[in-house]
Amino acid sequence: MRGMPGADASAPGLLWGALGVGAFIGASPVNQLRDLPQRHVLIAIIGLWTMCPIALAHVGDLTSAVIVFGLGGLVGAPFTPVVYSFLRSRVEPEEQQQVVTLWTTGSTPAAGVPLIEPAESTRGLRPSGALTMLLLPIAALTVLRDGQAEE
């Protein structure tokens, strides 16, 4: 956030605090999300998350960045419980531990990429958003096709 108007040494703390508040609020209705079609919820979360790093790359002031980080937390918090529930409903019980471990191994570093870079610059945000955007149609086609095969 170097060079951003209003960003001083407290900027990273404000950004992480906004992410935490957004995540707390976003995690609150997770139990109610299970009543919705999980495939659609999962795709919606991925799509909304895609917009967060892209929006962050285009903000020009600290206040806007704090808002985007808060929205990122709001959108991102339900992802892990929704995806784990989805995986557990799709994977045989004896294979669940291996699949969840593999998923966590891949998704944890990937989720941190858009959050690490903003502390210094916005260079990595556009590519991160673009790569996530590429996952959206893949996830939609895979998840929705799988759902149609069950019906």
Side-chain angles (χ1 to χ4, degrees), residues 1 10-59 62 64-151:
M1 303 266 93
S10 65
L14 290 170
L15 293 171
W16 284 106
L19 184 81
V21 169
F24 178 77
I25 294 168
S28 299
V30 164
N31 196 38
Q32 288 72 27
L33 290 177
R34 69 180 178 175
D35 296 333
L36 299 172
Q38 293 299 288
R39 289 173 176 77
H40 298 100
V41 171
L42 188 56
I43 293 165
I45 291 170
I46 294 169
L48 291 169
W49 176 256
T50 297
M51 291 186 261
C52 292
I54 293 170
L56 192 58
H58 295 288
V59 299
L62 183 59
S64 298
V66 167
I67 291 168
V68 172
F69 257 72
L71 291 173
L74 182 76
V75 169
F79 179 76
T80 300
V82 169
V83 80
Y84 282 179
S85 295
F86 183 76
L87 285 173
R88 289 186 182 272
S89 71
R90 313 297 308 143
V91 176
E92 296 298 323
E94 62 274 2
E95 297 173 350
Q96 288 180 1
Q97 182 60 49
Q98 295 91 336
V99 171
V100 169
T101 300
L102 181 62
W103 178 269
T104 303
T105 301
S107 65
T108 300
V113 171
L115 300 177
I116 295 168
E117 186 68 26
E120 298 299 324
S121 74
T122 59
R123 279 189 321 236
L125 294 172
R126 286 182 192 95
S128 174
L131 289 171
T132 307
M133 194 179 296
L134 291 174
L135 292 176
L136 186 58
I138 294 168
L141 290 172
T142 304
V143 170
L144 294 177
R145 183 186 61 213
D146 186 40
Q148 290 173 347
E150 287 179 2
E151 295 172 357

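Please read these numbers as outputs of a predicted model, since none were measured by experiment.
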Name the one of I54, L56, L15 that satisfies side-chain contact (heavy atoms from CB on, under 4.5 Å) with V68? L56
What pair of heavy atoms forms the shortest contact from V30 to G26, and how long is it? CG2-O, 3.9 Å
Hey, what do you get for CD1 (I25) to CG (L71), rounding to the nearest 0.5 Å? 10.0 Å
Are any of the side-chain heavy atoms of L19 and W16 separated by less than 4.5 Å? yes
Quick check: closest heavy atoms across Q38 and V82, and the distance to 0.1 Å? OE1-CG1, 3.6 Å
Between A27 and A77 the two heavy atoms that sit nearest each other are N-CB, 3.7 Å
Value for OG (S10) from CG (L62), rounded to nearest 0.5 Å, stands at 7.0 Å
Gap between atom CZ of F79 and atom CD1 of I45 - 0.5 Å precision: 7.5 Å
Looking only at non-hydrogen atoms, find the nearest pair between G72 and W49 and report the distance. O-CZ3, 3.3 Å
